[in-house]
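Following: one structure in structure tokens, then a few remarks.
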Amino acid sequence: MKAGVAVDNWKLPVFRKRLTEAGYHYEDGGALTTEATLLTVETSNVLALKKGIERCQAECRKRAS
């Protein structure tokens, strides 16, 4: 299954790194706006992906503060 994840562009390095480390295959789906990009992520476990996204968000919050 493919899941779409909208990501602020400044967060992309974190999301790309962490998704790759977790073994997910993803593709850039293109710009949603000038400040956000859509990632399409292959997953068979949406709940596990959700937890990974939450970890990415937490890491981005720490970097922003």
Side-chain angles (χ1 to χ4, degrees):
M1 156 186 346
K2 285 189 180 183
V5 181
V7 180
D8 292 327
N9 289 338
W10 70 270
K11 297 177 181 178
L12 281 172
V14 171
F15 274 76
R16 288 179 176 143
K17 181 178 180 180
R18 300 299 177 211
L19 289 171
T20 299
E21 288 175 349
Y24 288 104
H25 174 75
Y26 69 89
E27 295 179 7
D28 284 1
L32 289 175
T33 67
T34 57
E35 297 178 11
T37 298
L38 178 67
L39 299 179
T40 55
V41 184
E42 288 285 338
T43 185
S44 59
N45 187 337
V46 177
L47 292 177
L49 176 59
K50 176 185 177 285
K51 289 179 184 178
I53 290 169
E54 289 169 346
R55 286 190 295 273
C56 289
Q57 287 288 72
E59 183 174 337
C60 290
R61 275 193 304 275
K62 286 180 185 175
R63 290 181 180 208
S65 56

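Everything quoted here is computed from the prediction, not taken from an experiment.
In summary, Arg18 and Glu21 engage in a salt bridge, as defined by a charged side-chain N under 4.0 Å from a carboxylate O.
What you find for Cys60 and Trp10 is that their closest heavy atoms are O-CH2, 3.6 Å. Closest approach of Ala3 and Thr43 over heavy atoms only: CB-CG2, 4.5 Å. Heavy-atom minimum distance, Phe15 versus Val7: CD1-CG1, 3.8 Å.
To the nearest 0.5 Å, atoms CG (Leu38) and CG (Leu32) are separated by 5.0 Å. In this structure, CG on Leu12 lies 14.5 Å from NZ on Lys17, to the nearest 0.5 angstrom. Thr40 contributes atom OG1, which lies 8.0 Å from atom CG of Asp28 (distance to the nearest 0.5 angstrom). Atom CG of residue Leu19 and atom CG of residue Leu39 lie 6.5 Å apart, to the nearest 0.5 angstrom.
A continuous path of ILVMFWY side-chain contacts below 4.5 Å connects Ile53 to Tyr26, so both sit in one hydrophobic cluster.
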Checklist entry - Passes salt bridge (Lys or Arg N to Asp or Glu O under 4.0 Å), Glu59 versus Arg55? Steps please. => result CA-CA 6 Å; Glu59 183 174 337; Arg55 286 190 295 273; over 6 Å; no

Checklist entry - Going through the checks in order, is the side chain to side chain contact (heavy atoms under 4.5 Å, CB included) test met by Gln57 and Lys11? => result CA-CA 8 Å; Gln57 287 288 72; Lys11 297 177 181 178; 3.1 Å; yes

Checklist entry - Between Met1 and Glu42, is a side chain to side chain contact (heavy atoms under 4.5 Å, CB included) present by the stated rule, with each step listed? => result CA-CA 6 Å; Met1 156 186 346; Glu42 288 285 338; 6.0 Å; no

